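Residue numbers count from 1 along this sequence. Computation of the quantities below employed the complete heavy-atom set of this structure, encompassing side-chain atoms and omitting hydrogens, waters and symmetry-equivalent molecules. Given the structure is predicted, the values throughout are model-derived calculations rather than measurements.
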Amino acid sequence: MKFNNIKIAAIALLVSFSAYNCSNDDDNTPTGPTGPNFTGTYAQEDQMGRPAINTVFVTMADKNAFNTTLPSNQGAAFQSKFQDRLLALNPDYTTNALTFTAEQFTTALATDVLTVSLTGTTTFFDGTNVLTGRALADDVISTELLLIFGGPDGTEKPGLSDDNVDGNDKPFLSSFPYLASPH
């Protein structure tokens, strides 16, 4: 009996902390009426506009430099390194399904931003539209593998140009927050 009372008291305590910390303050400005407060010292630790690209093309020795380089400066600083890495991964690379040479492809990738089309189709790659955003169901890894290993028509090195994961393990929602429910 005493153990049940302790359990009930612990649950009540947790609920009270939760209730105390939750509020409907989405209409308040938590940083004051003049906007966010950016005083203090901040350091950028990571950036991944296109996560798999950063993972594949940025060497461990360059991670800190890449993550703190402004995207507008990344192309000049990292394009040739990306190209060296691409050709090390696929020495037979000529062009890809986008008809990009190694230099063109790595120039596009070296600036780590996720481009988003404000009009038209939003997709990572659908055969026609390229890097116009990213829909939840886009098979980003297979697309990147195809562009690295698939060659001009996407059929070269078939064992390397697809991750063989053809969809999410659970269906996405049709309304916000759109992500599949957790397991």
Side-chain angles (χ1 to χ4, degrees), residues 18 21-31 36 42 44-60 62-64 66-75 78-79 82-83 85-86 89-90 93 95-100 102 104-183:
S18 297
N21 287 315
C22 293
S23 67
N24 183 10
D25 64 356
D26 57 351
D27 57 347
N28 294 332
T29 306
T31 56
Y42 296 89
Q44 182 164 328
E45 294 293 329
D46 198 7
Q47 61 182 319
M48 288 213 175
R50 289 179 251 161
I53 299 303
N54 185 321
T55 303
V56 170
F57 288 99
V58 180
T59 65
M60 287 307 295
D62 285 336
K63 288 288 182 192
N64 287 337
F66 184 80
N67 286 328
T68 57
T69 300
L70 292 173
S72 58
N73 297 329
Q74 287 174 327
F78 295 98
Q79 181 279 322
F82 275 35
Q83 185 171 334
R85 187 86 160 179
L86 171 66
L89 289 168
N90 185 1
Y93 186 96
T95 61
N96 61 22
L98 303 175
T99 69
F100 284 0
Q104 291 169 321
F105 185 41
T106 55
T107 297
L109 297 179
T111 302
D112 188 34
V113 295
L114 182 59
T115 307
V116 177
S117 174
L118 299 178
T119 61
T121 304
T122 299
T123 185
F124 195 73
F125 175 74
D126 65 6
T128 303
N129 300 285
V130 181
L131 301 177
T132 58
R134 180 178 175 186
L136 284 175
D138 286 351
D139 195 346
V140 173
I141 300 302
S142 284
T143 298
E144 291 171 355
L145 291 171
L146 175 81
L147 295 175
I148 293 169
F149 296 108
D153 63 2
T155 61
E156 292 179 18
K157 301 182 182 184
L160 296 174
S161 59
D162 191 340
D163 66 1
N164 295 305
V165 177
D166 296 326
N168 201 41
D169 57 341
K170 294 179 80 176
F172 294 113
L173 303 175
S174 59
S175 60
F176 186 82
Y178 303 109
L179 298 173
S181 60
H183 289 279

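Taken from OG1 in T128 to CG in D126, the straight-line distance is 5.0 Å, to the nearest 0.5 Å. Considering CZ of F125 and CG of N96, their distance stands at 8.0 Å, rounded to 0.5 Å. Interatomic distance, OG1 of T143 versus CG of L98, reported as 9.5 Å (0.5 Å rounding). Note that CG of D162 and CG of L145 are 7.5 Å apart. Values are rounded to the nearest 0.5 Å. Expressed to the nearest 0.5 Å, how far CG of L146 lies from CG of L160 amounts to 11.5 Å. Taking CG of D153 as the reference point, atom OG1 of T99 lies at 12.5 Å (rounded to 0.5 Å).
Scanning both residues, P171 and A180, for their nearest heavy atoms gives O-CB, 3.4 Å. What you find for I141 and A52 is that their closest heavy atoms are CD1-CB, 3.6 Å. Closest heavy-atom contact between T55 and K63: CA-NZ, 3.7 Å. In terms of heavy-atom proximity, A110 sits nearest to G75 at CB-CA, 4.0 Å. Looking at every heavy atom in both residues, A102 comes nearest to Y93 through N-CE2, 3.3 Å. Contact record, V113 with P71: CG1-CB, 3.7 Å, taken as the closest heavy-atom pair.
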One pair to check against side chain to side chain contact (heavy atoms under 4.5 Å, CB included): I148 and F57. What are the steps and the verdict?
CA-CA 11 Å; I148 293 169; F57 288 99; 3.9 Å; yes

Using the side-chain hydrogen bond (donor to acceptor under 3.5 Å, both in side chains) rule, take T106 and Q79 through it: C-alpha gap first, then chi angles, then the decisive distance, then the call.
CA-CA 6 Å; T106 55; Q79 181 279 322; 2.8 Å; yes

Start with the C-alpha gap between I53 and F82, add the side-chain angles, then the distance that decides, and say whether side chain to side chain contact (heavy atoms under 4.5 Å, CB included) holds.
CA-CA 9 Å; I53 299 303; F82 275 35; 3.9 Å; yes

Between F124 and L131, does the side chain to side chain contact (heavy atoms under 4.5 Å, CB included) criterion hold? Intermediate values first, please.
CA-CA 5 Å; F124 195 73; L131 301 177; 3.6 Å; yes

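The side chain to side chain contact (heavy atoms under 4.5 Å, CB included) test with F149 is passed by exactly one of K157, E144, E156: K157.
The backbone N or O of V165 sits less than 3.5 Å from a side-chain atom of D163, completing a donor-acceptor pair. Not one N or O on the side chain of N67 forms a donor-acceptor pair closer than 3.5 Å with the backbone of N64. In terms of modelled atom types and a separation under 3.5 Å, the side chain of T132 and the main chain of T123 share a donor-acceptor contact. Side-chain atoms of R85 come within 3.5 Å of backbone N or O of V56 as a donor-acceptor pair.
Ring-plane geometry between F66 and F78 is classed as perpendicular, the angle between the planes exceeding 60 degrees on a 0 to 90 degree scale with a lower cut at 30. Between F176 and Y178, the ring-plane angle classifies as perpendicular under the 30° and 60° cut-offs.
Annotation: side chain of Q83 is not in contact with side chain of T107 (no heavy-atom distance under 4.5 Å).
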